[in-house]
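Along the sequence shown, residues carry numbers from 1. Bear in mind the structure is a predicted one, so any value in this text is a computation, not a measurement.
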Amino acid sequence: MSSVPPPSASEAARLAALARYRILDAPPEASFERVARLAARVLGVPLAAVNLVGEGHQWTKACVGGDTTETTLNESFCVWTVRQQEGVLLVPDARRDPRFRDLPSVRSGQVVAYAGAPLMTPDGHRIGTLCVTAPEARDFTPAEAETLELLAGMVVDELELRLRTEELTRARDQAHTLRDLAELMGEPLGPGEMARRALRLLGGAMRLDWAGLLHLSAEGAEVLSDHASAPADGFGAEVRWRLLDPAGGLRSTLLGWERVFLDDAEAVAQRCPDLLRNGLASAAWLHVQVEEARHMPGGAYVLLLARLGDPAVWLPEERLLLEAAARSVGVALERAEYLQALERAALTDALTGLGNRRALDDALDEADARLAAGQGYVLGVVDLDGMKRVNDERGHASGDDLLREFGRGLLAPGLRAYRLGGDEYALLAPVPPGDDPARQAERLRRQVREAIRRVQEQGYPADASLGLAAVPGDAPGATAALRRADACMYEEKRARRAGREDRQGAAAEQPLA
């Protein structure tokens, strides 16, 4: 059995050049068979073939006069042409050549004479041969060797032509996808739907087995939207599990690197060993660029993309598309944040930062919707006394400070505070099923007293009147509860005013000392 010539130092680059054409192990094609037929006829031999020399085997892309499709390298003539011969390899009688005389095809008499011209790529890599053989010894003339070289060049021209055609097709498809992604940015979509459509566009433009938009932080993770081929559904479930697993490192890995493209198993094993065991072959992730201070302090939105089975390099045009998709999702996130900011502004009192009357109405609608489930609530209406005096004596800026300080004092866990306008506020506290509304009512009273104590300690001559209504105990719903709480507040206000007047009258009746 013949030995195999060792590969050169450029073997990895040669194999990469071969892989670029994507024809190794592919079935025969008519365009290459025509060249092989022409070589056999011009050189007057019974067999001609287009052979590709891979890392561990030789693959016959086209053959005239035989049917061999795969050969081990230690049974190959062509590996010598590819690895050791600068030009055409001519073997007039293989039976007399120590490199080939022990090959099975030579010992059987099938091949005696051989001539092989290397398939030379434009960048100088020999990826295979156009070869001819004969079952008897013969000399090949220089003209025949030149003819074989010219025909081998035609094979490479065909490979280059289809490669350029594929590149043009990919460029056209990429341009269409980029256009679609740009148009997508103009649609009023939320982040999840934007990501779903963008990932679907990417899936049509490149190989993607699973892709998702993730919301990550140090505390938790969520898959907001994903796109998967049918076999990758289980992989998507695995991603969700790995993100939620507090002992796993996937979340911190994705958070730690803003833009990563993993092309092979070794790179995947270093960054995502758990997912490698679940079939991940190539991966990429990109952080969606948003204003982190407003969107996700301490966290990130991330596009994660996965290829299963065989590794595949992320081509430059694919990376460009992924970055365009990340931008489109970023636009949706910015738009969503802007709309949420508008909504927050529409529900927020500008002076105190508390919810406004519209926010209270929405909260009461939600509270009424939960009545059927047995959860009631207590509503409090608060009137802040002393505002006129503060405004008259200290100015309106000091009055605004009083309103803000009093509003901050109303905030407490489990209580929601609102400013209704002027010096009126509202408090809302849910009553869990089976709990006593009176306990929540007392919490509201304590909170109002605490808020008054705080502003009085700051020197404000202020007090407050509070009216309470429990739903469903005192009223059937929000409208009636507001009326009742408001009436109770004014009743308390009148009682407090009458008490002050009585005290002032009694003081006036005291004789002078």
Side-chain angles (χ1 to χ4, degrees), residues 2 4-5 7-8 10 14 17-18 21 23-24 26 28-54 57-71 73 75-97 99-101 103 105-106 109-163:
S2 171
V4 177
S8 68
S10 61
R14 187 192 73 80
L18 173 59
Y21 295 109
I23 58 168
L24 187 64
E29 294 181 56
S31 58
F32 300 110
E33 288 182 344
R34 283 193 291 269
V35 177
R37 190 175 301 279
L38 183 59
R41 182 170 300 177
V42 170
L43 272 71
V45 294
L47 187 145
V50 175
N51 289 325
L52 304 168
V53 177
H57 70 290
Q58 172 183 295
W59 181 259
T60 301
K61 181 63 178 174
C63 186
V64 174
D67 56 4
T68 301
T69 57
E70 183 174 2
T71 304
L73 293 186
E75 296 180 358
S76 167
F77 281 83
C78 293
V79 68
W80 291 85
T81 306
V82 167
R83 289 184 175 179
Q84 285 203 336
Q85 186 73 19
E86 288 297 326
V88 179
L89 174 62
L90 302 176
V91 183
D93 190 344
R95 296 169 300 185
R96 300 178 181 275
D97 193 315
R99 296 173 296 178
F100 307 115
R101 62 191 178 196
L103 294 182
S105 59
V106 176
Q110 180 184 359
V111 176
V112 175
Y114 169 90
L119 303 178
M120 186 77 72
T121 66
D123 50 356
H125 295 293
R126 297 189 292 273
I127 60 171
T129 69
L130 172 64
C131 68
V132 297
T133 66
E136 66 279 337
R138 60 164 288 179
D139 290 321
F140 294 96
T141 67
E144 290 176 325
E146 182 182 6
T147 298
L148 201 59
E149 275 190 305
L150 291 173
L151 293 175
M154 292 176 59
V155 173
V156 176
D157 288 344
E158 174 67 21
L159 291 173
E160 284 291 309
L161 177 61
R162 69 172 58 193
L163 185 62

One pair to check against side chain to side chain contact (heavy atoms under 4.5 Å, CB included): Leu103 and Phe77. What are the steps and the verdict?
CA-CA 9 Å; Leu103 294 182; Phe77 281 83; 3.6 Å; yes
Begin from the C-alpha positions of Glu144 and Arg138 and carry the test salt bridge (Lys or Arg N to Asp or Glu O under 4.0 Å) through to its verdict.
CA-CA 12 Å; Glu144 290 176 325; Arg138 60 164 288 179; 2.8 Å; yes
Starting from the C-alpha separation in whole Å, work towards a yes-or-no answer on side chain to side chain contact (heavy atoms under 4.5 Å, CB included) for Arg14 and Val53.
CA-CA 10 Å; Arg14 187 192 73 80; Val53 177; 4.0 Å; yes
Decide yes or no on salt bridge (Lys or Arg N to Asp or Glu O under 4.0 Å) for Glu158 and Arg162, but give the supporting numbers first.
CA-CA 6 Å; Glu158 174 67 21; Arg162 69 172 58 193; 3.5 Å; yes
Derivation of the side chain to side chain contact (heavy atoms under 4.5 Å, CB included) call for Arg101 and Arg96:
CA-CA 6 Å; Arg101 62 191 178 196; Arg96 300 178 181 275; over 6 Å; no
Start with the C-alpha distance between Val132 and Phe140, add both sets of side-chain angles, then the distance that settles side chain to side chain contact (heavy atoms under 4.5 Å, CB included), and finish with yes or no.
CA-CA 11 Å; Val132 297; Phe140 294 96; 4.0 Å; yes
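In this structure, the separation between CE on Met120 and NE2 on His125 is 10.0 Å, given to the nearest 0.5 Å. Atom-to-atom distance recorded for His57:NE2 and Ser76:OG is 11.0 Å, nearest 0.5 angstrom. Going from atom CG of Asp93 over to atom CZ of Phe100 covers 12.0 Å, rounded to the nearest 0.5 Å. Atom CD of Gln58 is separated from atom OG1 of Thr129 by 6.0 Å, given to the nearest 0.5 angstrom. Ser8 OG to Arg83 CZ: the interatomic distance, rounded to the nearest 0.5 Å, is 8.5 Å. Separating the CD1 atom in Ile23 from the CG atom in Leu52 is a distance of 4.0 Å, to the nearest 0.5 Å.
Contact of the Thr121 side chain with the Ile127 side chain is registered, since non-hydrogen atoms from C-beta on lie closer than 4.5 Å. The closest side-chain heavy-atom distance from Thr147 to Leu43 is below 4.5 Å. Two residues are said to be in side-chain contact when any heavy atoms from C-beta on lie closer than 4.5 Å; Val64 and Leu47 fail this criterion. The closest side-chain heavy-atom distance from Glu33 to Pro28 is below 4.5 Å.
A donor-acceptor contact closer than 3.5 angstrom is absent between the side chains of Gln110 and Ser105.
The two atoms that bring Ala26 and Trp59 nearest to each other are O-NE1, 2.8 Å, heavy atoms only. Heavy-atom minimum distance, Ala49 versus Thr60: CB-CG2, 4.3 Å. Nearest heavy atom pair, residue Ala137 against residue Val112, reads N-CG1, 3.4 Å. Nearest heavy-atom pair, Ala48 versus Ala39, reported as atom, atom and distance to 0.1 Å: CB-CB, 4.3 Å. Of all heavy-atom pairs between Gly109 and Pro135, the closest is O-CB, 3.7 Å. Contact detail for Val156 and Pro122: the closest heavy-atom pair is CG1-CD, 4.3 Å.
Exactly one residue among Leu89, Leu90, Val42, Val88 makes a side chain to side chain contact (heavy atoms under 4.5 Å, CB included) with Leu148. That residue is Val88. For the side chain to side chain donor-acceptor pair (under 3.5 Å) criterion with Tyr114, the lone passing option out of Thr81, Asp97, Thr133 is Thr81. Remark: of the listed residues Val50, Leu130, Asn51, Asn51 is the sole one forming a side chain to side chain contact (heavy atoms under 4.5 Å, CB included) with Cys78.
Judged purely by atom type and a 3.5 angstrom limit, Arg126 uses its side chain to pair as donor or acceptor with the backbone of Val82.
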